[in-house]
Amino acid sequence: LRARSAGFSLENMQQAASIVHSAGKHLYVTVNALAHSNELNEVKNYAVKLKEIGADAAIVSDLGVLDVMHKACPQLELHISTQASCQNYASALAYYHHGAKRIVLAREMNLEDIRDMKSNIPEDLELGGGGHPNPAGLGAQIGQILLGLGGPGVEGRCGGGVGDLVADIFRLAPAGF
């Protein structure tokens, strides 16, 4: 689904599922690709294969991918990635109605926003937070610094401490970085 994907093979993921399950843990597979229409049959097959190899859930960011995976394999639990930037209860409900069981919320949300969302969604839809920065967001923020563009994350105002992490990277980076 991605041009330069360096993802794991299904065999590797099956081995990983065995290892993590023997330790009493879960295997969540990230499927954050934005699929083209001609890839949707592959998405269907992938959902079924993920369940067969023992994945406990797939984490997705594309609404169409969510819908296709849910219809192809309703037994596979589906979570919404923080990359989907879910920030309101209407989006949460849309994801829920397409099969999502958990939503990793947008990092920009504050406690008041989360309480509002929770009061407007079904009780069985779980909300979660990222807790640590997304490498893609970190890369974008490093790019903003290098281009002199600034921004909330660069200034340390975004959630998850990304601004502090970026500052540490530049503090520790070799001269001329």
Side-chain angles (χ1 to χ4, degrees), residues 1-2 7-8 10 13-14 16-35 37 39-138 140 152-153 157-165:
L1 297 174
R2 289 186 186 242
F8 295 98
L10 288 170
M13 284 191 281
Q14 188 168 21
S18 178
I19 292 166
V20 299
H21 290 155
S22 69
K25 305 296 180 187
H26 299 283
L27 178 66
Y28 299 149
V29 178
T30 303
V31 186
N32 274 335
L34 303 174
S37 294
E39 297 170 315
L40 294 177
N41 280 333
E42 186 180 347
V43 169
K44 290 177 190 176
N45 295 334
Y46 194 60
V48 171
K49 289 176 184 174
L50 287 178
K51 188 62 182 172
E52 287 173 354
I53 60 110
D56 296 292
I59 304 170
V60 302
S61 58
D62 181 288
L63 181 62
V65 169
L66 170 72
D67 189 57
V68 166
M69 291 182 85
H70 178 64
K71 288 176 181 172
C73 188
Q75 306 84 1
L76 179 64
E77 190 165 303
L78 297 168
H79 301 176
I80 301 303
S81 170
T82 190
Q83 289 186 7
S85 294
C86 184
Q87 299 185 62
N88 61 70
Y89 68 85
S91 293
L93 288 171
Y95 290 128
Y96 177 77
H97 292 302
H98 287 275
K101 300 292 183 201
R102 174 182 293 163
I103 297 175
V104 181
L105 298 171
R107 290 177 294 277
E108 298 83 5
M109 293 186 70
N110 61 37
L111 193 54
E112 183 180 328
D113 295 333
I114 295 168
R115 284 185 183 128
D116 179 58
M117 182 183 288
K118 190 66 180 164
S119 70
N120 287 288
I121 62 171
E123 286 187 24
D124 62 331
L125 178 57
E126 184 179 333
L127 301 178
H132 54 38
N134 172 341
L138 176 60
R157 294 193 320 258
C158 70
V162 176
D164 294 335
L165 183 58

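Below, each value reflects all heavy atoms present in this structure, side chains not excepted, and no hydrogens, waters or symmetry copies. No experiment lies behind these values; they were computed from the predicted model shown. In what follows, residues are counted from 1 in the order of the sequence shown.
Interatomic distance, Cys86 SG to Ile80 CD1, rounded to the nearest 0.5 Å: 8.0 Å. With values rounded to the nearest 0.5 angstrom, Ser61 atom OG is found 10.0 Å from Leu66 atom CG. Taking OG of Ser91 as the reference point, atom CD1 of Ile121 lies at 11.5 Å (rounded to 0.5 Å). For the atom pair Leu111 CG and Lys118 NZ, the distance stands at 13.0 Å (nearest 0.5 Å). Here the straight-line distance linking atom CD1 of Ile114 with atom CD of Glu112 works out to 11.0 Å at 0.5 Å rounding. A distance of 6.0 Å separates CE of Met117 from CG of Asn88, quoted to the nearest 0.5 Å.
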Please tabulate, for the side chains in residues 50-59, all donor-acceptor contacts under 3.5 angstrom to protein atoms that are two or more places apart in sequence or on a different chain.
{"unit_1": "Asp56", "atom_1": "OD1", "unit_2": "His21", "atom_2": "NE2", "d": "3.3"}
{"unit_1": "Asp56", "atom_1": "OD2", "unit_2": "His21", "atom_2": "NE2", "d": "2.6"}
{"unit_1": "Asp56", "atom_1": "OD2", "unit_2": "Leu27", "atom_2": "N", "d": "2.7"}

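Within the structure, the ring pair (Phe, Tyr, Trp, His ring centres under 6.0 Å) test picks out no pair touching residues 92-111 (sequence neighbours left out). The ring pair (Phe, Tyr, Trp, His ring centres under 6.0 Å) contacts involving residues 49-92 comprise Tyr28-His79, where partners must be two or more places apart or lie in separate chains. Within the structure, the ring pair (Phe, Tyr, Trp, His ring centres under 6.0 Å) test picks out no pair touching residues 107-129 (sequence neighbours left out).
Remark: Gln87 pairs with Ser85, Ala106, Glu108, Met109 by the side-chain contact (heavy atoms from CB on, under 4.5 Å) rule, at least two apart or across chains. With sequence neighbours left out, the side-chain contact (heavy atoms from CB on, under 4.5 Å) criterion links Lys71 to Asp67.
When all heavy atoms of Glu39 and Leu34 are compared, the pair lying nearest together is OE1-O, 4.3 Å. Here the closest heavy-atom approach between residue Pro74 and residue Ala72 is recorded as CD-C, 3.8 Å. Minimum interatomic distance between Asn32 and Ser81 (heavy atoms only, all atoms of both residues): OD1-CB, 3.1 Å. Pairing each heavy atom of Gly64 with each of Asp62, the nearest pair is N-OD1, 2.8 Å. For the residue pair Gly99 and Leu78, the shortest heavy atom distance occurs at O-CB, 4.0 Å.
Thr82 places a side-chain N or O within donor-acceptor distance of the main-chain N or O of Leu105, the cut-off being under 3.5 Å.
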